[in-house]
Amino acid sequence: MQIGKKILLSFTVIIASIVIMGYLIVTTTQDNLVDNIGQDYSQSLSDVVSEIVRGIDEKTYGLIELSDKALVYDVLDESNSQFTNSNDSQISETNTAWNDALDQNQTLPLMNEIQDDELSEKLAFASNRVETKFSYPIYDQIGIFNQVGILVAYDRTIPQYYVNDAEWWNTVVSTGYFVDEVSYDADSEVYSQDIAIRIDDETGEFLGVLKTTIKLQDLIGGIHDLQQTNKFLGTEISLHDDKGQVIYSTIGSEFGENTSLVEFLLMSEESDYYIVDGVEGSDILKVYAKPGSTALPLGWNLVVEKNIDDVLSPVIVLTNIILIVLVTTIMSAVIVGLYIKTSISKPLIELRDASSQIADGNFDVYFNIKTDDEIGDLANKFEYMRDSINFTNSNLTDLVKLRTDELERALTKIEKNDSWTKSIMGFISKQTNQSIGDITENVDLLKNNKLTKDEVLRAIDNTLSQLKLLTATVSDISNLEQGQLTYDMNDVKINEIINSSLKEIEQTSKNVTINLEQSDEAYVFADAHQLGRAIRYIVDIFMTYIDGDPLQIKTAADEKNIVIQLVSDKKIDSDIFSPLDESDTGIAQADHILLYMAKVILKDHAGMTSIDDADDTTTVSISVPVVEV
């Protein structure tokens with residue numbers, strides 16, 4: 001396995017382990033935190049809503065206790081005995097007179113008689129005590145009715161005299177209680193609720209009913225007080241009745257507004273929590289709680305809403321996660337370090353020591369590196385290099401002759417091509433003979449001990465490199481003429497090609513000005529290397545021709561082409577791009593060849609060259625079509 005794959009695999013395993021562990025830890029922690037907060041809130045809310053309902057129980061059932069339960073029983077027993085055999089028509093007439101008096105804002109003697117009764121006074125006393133405890137007016141009216149629905153005592157607002165025909169009466173008689181829906185007076189901002197409870201004696205015999213209207217202002221105040229506690233800071237709280245309608249909400253929900261069916265069904269279960277999608281994409285934790293066992297089964301739900309991001313912000317276990325990740329990372333780094341040391345460092349040190357010995361001239365150095373990766377491949381290449389240098393050192397003359405023969409064979413092949421190829425043979429032969437002469441001269445200097453072996457080897461190596469370059473150039477020229485040049489075409493910025501080609505010229509030539517502002521975003525479909533090569537040939541030879549005169553290189557663009565312009569004050573032959581002899585233009589034959597090669601490369605890129613020598617200036621234009629990216 002390649003060493004890069006080994007390292008990649010190792011770090012992949014480490015990263016995957018950290019990601020998996022981090023994900024599991026964070027997910028588990030978040031779930032546990034939400035669950036704990038949900039259960040804690042639910043328990044706290046259950047206690048609060050139970051306290052609220054118990055308060056309503058106290059305000060209702062407490063009236064009987066505070067009014068003297070024995071007196072209540074006695075009054076109801078007496079009233080029930082009195083009206084057992086009463087004439088229905090007589091009751092109806094009395095009720096009609098009572099209602100008429102109420103409508104006309106009058107007071108009947110019977111009204112005063114009932115209100116001045118001992119039970120009514122005790123009832124007033126009881127209501128005052130309850131209101132004193134809660135510090136605000138609680139009751140709109142209180143009335144006690146006997147078993148046939150006739151009023152026997154009341155406090156404050158005068159209730160009806162006869163209620164046996166009221167809808168709530170049958171409910172309270174059959175079930176033991178009646179709880180009306182909460183009402184809201186927007187003008188006075190007062191919440192109130194009608195409640196009636198059945199009164200039974202010690203043996204469970206039905207005696208009568210107590211009915212009252214209770215104000216719920218302390219309930220609203222309690223919700224605001226709850227919202228200010230440390231536990232519920234930053235939450236929104238609402239109270240819902242057993243039908244899912246909003247009684248009160250701190251988030252602006254209107255009184256009587258219905259909750260969604262899904263949430264209503266969820267809240268029909270026992271006290272718990274659930275998560276819903278928020279308006280702005282953030283999840284909302286909703287915790288709801290029902291009251292515990294109470295005398296009046298109101299079925300209310302107290303609901304707390306909190307942004308799930310706020311719930312998860314104080315993740316206490318974050319420190320533990322960081323520690324776990326840190327320890328895991330350190331352990332993994334140690335393991336990877338040991339692995340790299342074993343797999344890479346040791347063989348590299350052995351190769352370094354061997355290279356030092358070879359640099360000192362000791363070609364008999366050996367090393368034992370047997371690995372199936374890049375290090376092993378490097379060791380094999382190193383051995384081959386050592387053997388190659390040793391062989392070259394021992395067979396220098398034969399190698400020179402071999403390279404010369406290869407070049408001559410290449411020249412022979414070129415000579416068999418068309419007439420144009422033959423025209424460059426003089427230049428190539430001249431360069432070849434010069435290289436051979438340089439090699440021969442250096443060998444003679446070595447034989448006469450005028451140069452050291454290392455100096456001669458370096459000189460010959462440079463000459464051989466020049467011969468290889470010349471051979472490659474000959475091959476390019478042959479391919480060029482036969483139309484066999486290959487290209488790797490891509491969409492590329494023209495500025496990148498120009499800057500890459502002319503970077504050295506811009507740095508070293510003071511008389512050259514380059515301005516590419518008009519082509520910042522121009523793209524061409526080109527082989528960046530070949531096109532850059534053509535531009536560099538043209539610029540280099542043009543600079544040689546103008547012999548140090550100022551040269552301006554700029555670009556111009558239209559909808560279809562990008563044009564590179566070389567502008568000089570020196571006149572130049574318009575046939576510079578033709579393969580002519582040196583005597584025709586004053587330009588060296590080799591430069592003619594390279595310029596012609598540049599022209600062919602441009603042609604293969606759908607480009608062209610032109611020369612304009614008007615107005616005492618010469619402008620060489622290189623045009624290449626632009627493409628849209």
Side-chain angles (χ1 to χ4, degrees), residues 30 32-59 130-138 182-193 214-242 244-257 259 263 266-267 270-280 282-292 294 296 298-316:
Q30 289 179 348
N32 290 339
L33 182 60
V34 171
D35 186 62
N36 290 336
I37 290 179
Q39 293 180 5
D40 182 47
Y41 275 14
S42 183
Q43 181 59 49
S44 299
L45 291 179
S46 181
D47 295 338
V48 172
V49 73
S50 295
E51 187 64 28
I52 289 172
V53 176
R54 279 194 294 270
I56 296 177
D57 285 352
E58 180 181 344
K59 295 169 188 174
V130 174
E131 291 179 349
T132 300
K133 176 180 178 181
F134 289 93
S135 302
Y136 79 98
I138 292 177
V182 176
S183 61
Y184 175 65
D185 186 348
D187 294 333
S188 60
E189 297 183 350
V190 172
Y191 297 82
S192 60
Q193 186 175 34
I214 299 176
K215 297 179 181 178
L216 305 176
Q217 298 308 104
D218 61 319
L219 183 151
I220 307 304
I223 291 176
H224 282 281
D225 292 341
L226 179 65
Q227 195 180 29
Q228 299 305 313
T229 60
N230 290 333
K231 179 180 291 187
F232 293 97
L233 278 176
T235 64
E236 300 294 346
I237 305 176
S238 57
L239 183 65
H240 301 248
D241 63 17
D242 58 347
Q245 295 180 337
V246 175
I247 297 175
Y248 179 77
S249 174
T250 62
I251 58 177
S253 298
E254 294 183 1
F255 173 80
E257 182 177 330
T259 59
E263 293 188 40
L266 286 172
M267 289 190 293
E270 294 297 326
S271 300
D272 206 340
Y273 69 91
Y274 56 93
I275 297 174
V276 297
D277 294 333
V279 177
E280 299 179 357
S282 179
D283 292 339
I284 301 297
L285 173 66
K286 286 196 173 185
V287 184
Y288 63 94
K290 297 179 180 295
T294 56
L296 292 173
L298 297 179
W300 290 352
N301 273 308
L302 191 60
V303 182
V304 164
E305 299 181 20
K306 190 166 186 177
N307 192 300
I308 201 71
D309 294 336
D310 296 335
V311 173
L312 298 177
S313 60
V315 181
I316 301 175

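We count residues from 1, following the sequence as given. These numbers come from a predicted model, not from an experiment.
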- Message: Tell me every residue that passes side-chain contact (heavy atoms from CB on, under 4.5 Å) with I52, counting only those two or more places apart in sequence or in another chain.
- Response: V48, L219, W300
- Message: Checking S135 now: which residues fulfil side-chain hydrogen bond (donor to acceptor under 3.5 Å, both in side chains) with it, not counting sequence neighbours?
- Response: none
- Listed by chain and number, what are the salt bridge (charged side-chain N to carboxylate O under 4.0 Å, His left out) partners of D218, not counting sequence neighbours? K59
- D187: side-chain hydrogen bond (donor to acceptor under 3.5 Å, both in side chains) partners, not counting sequence neighbours: none
- Message: Can you list everything that forms a side-chain contact (heavy atoms from CB on, under 4.5 Å) with S253? Sequence neighbours excluded, please.
- Response: V246, S249, I251, E257
- Query: Does V182 reach the side chain of D241, with side-chain heavy atoms less than 4.5 Å apart?
  - Reply: no
- According to the salt bridge (charged side-chain N to carboxylate O under 4.0 Å, His left out) rule, which pairs have a member within residues 221-238, sequence neighbours left out? D40-K231
- Item | Set of salt bridge (charged side-chain N to carboxylate O under 4.0 Å, His left out) partners for E263, sequence neighbours left out | K286
- Task: Check side-chain hydrogen bond (donor to acceptor under 3.5 Å, both in side chains) between D47 and all other residues, then give those that pass, not counting sequence neighbours.
- Result: Q43
- Considering residues at least two apart in sequence or located in another chain, which fulfil the side-chain contact (heavy atoms from CB on, under 4.5 Å) criterion with T132? none
- Query: Mind checking what makes side-chain hydrogen bond (donor to acceptor under 3.5 Å, both in side chains) contact with Y248, not counting sequence neighbours?
  - Reply: H224
- Task: With sequence neighbours left out, write down each residue that passes side-chain contact (heavy atoms from CB on, under 4.5 Å) with L296, or none if nothing qualifies.
- Result: I56, D57, T60, Y61, Y177, V179, I195, I197, L298
